[in-house]
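What follows is a set of notes on a single structure, which appears directly below.
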Amino acid sequence: MTENPKHAISRPDPQEIRGFRHYPGWLGLEEQKALIETLRSVVTQAPLFSPMTPYGKPMSVRMTSAGRFGWISDRRGYRYSETHPDGQPWPAIPQPILDIWEAVSGTSRAPECCLINFYGEGAKMGMHQDRDEQDFDQPVVSVSLGDDGLFRIGNRTRGGKTESIWLRSGDVMVMGGEARLLYHGIDRVKPGTSPLMPKGGRINLTMRVVT
DNA sequence: AAGTAACG
DNA sequence: TGGA
């Protein structure tokens, strides 16, 4: 553990997994609770929706975004959009989320998108690459909240050996450098593993530089 | 194929 | 459960 003088909060050192930097328990319980409350107001302004894949099947994960850009998927493909499907601009990225980015991202650029994924019971996300951004030198930072999620990491192309790791509430993961384009996904969520989500479920935030 | 089925 |  190292001290963070700015907030006088002790933060964990990272563990490497396939080039991803995993910070187990980066956020304390009170920070997690506060963040979930903050997200409640974001979701009020930009309601969760179930994206349609370009192939006509809806994703099991519900999502929304904050920031200048949000990530969307529909019959026309995967892309970033400056507006929610309801036509409104996305809400601003809340400061506590920007603070996490500043602490771990290692870049001077600010995130332009905070994608908010909500995994209800049974929701999964298949193996994919984050490659809709313009600059792969910019990392993606992920924050886990709520129920545990089984995260799988593969390779730069499909196939080959993979590794799995349980992500827990408060964990932060930095996907950058050589690992930026690794395939990854969520196999399953363990229901009822977090008291923070009374109705259950897992929230994952991913911050990205889009342009 | 950011999905799902089948199979080892 | 993992990967095709």
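Letters A, B, ... mirror the listed sequences (proteins, then strands); counts begin at 1.
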>> Of the options B/dA2, B/dG3, C/dG2, whose atoms approach the side-chain atoms of A/Lys57 most closely?
In response: B/dG3
> The side chain of A/Arg131 lies closest to which of these nucleotides: C/dG2, B/dA1, B/dA2?
Replying inline: B/dA1
Name the nucleic acid region contacted by [X], choosing base, sugar-phosphate or nothing; use a 4.0 angstrom heavy-atom cut-off, strictly under.
| X | value |
| --- | --- |
| A/Gly160 | sugar-phosphate |
| A/Arg152 | base |
| A/Asp74 | nothing |
| A/Arg79 | nothing |
| A/Met63 | nothing |
| A/Ser73 | nothing |

Expressed in angstrom and rounded to an integer, what is the separation of [X] atom [atom1] from [N] atom [atom2]?
| X | N | atom1 | atom2 | result |
| --- | --- | --- | --- | --- |
| A/Met52 | B/dA2 | CE | P | 16 Å |
| A/Tyr78 | B/dA2 | OH | C1' | 5 Å |
| A/Asn117 | B/dA2 | CG | P | 13 Å |
| A/Met127 | C/dT1 | CE | C1' | 13 Å |
| A/Tyr55 | B/dA5 | OH | P | 17 Å |
| A/Asn155 | C/dG2 | CG | P | 14 Å |
| A/Arg75 | B/dG3 | CZ | C1' | 13 Å |
| A/Gln129 | B/dA2 | CD | P | 9 Å |

Are [X] and [Y] linked by a side-chain donor-acceptor pair shorter than 3.5 Å?
| X | Y | value |
| --- | --- | --- |
| A/Trp26 | A/Asp171 | no |
| A/Thr211 | A/Arg109 | yes |
| A/Glu112 | A/Tyr80 | no |

> Should the ring pair A/His184 and A/Phe20 be called parallel, tilted or perpendicular, given that the plane angle runs from 0 to 90° and is split at 30 and 60?
Replying inline: perpendicular
> Does a side-chain N or O from A/Arg188 land closer than 4.0 Å to OP1 or OP2 of C/dT1, or not?
Replying inline: yes
> Roughly how far apart, to the nearest Å, are B/dG8 and B/dT4 at atom P?
Replying inline: 22 Å
> Are the aromatic ring centres of A/Phe49 and A/His84 under 6.0 angstrom apart?
Replying inline: yes
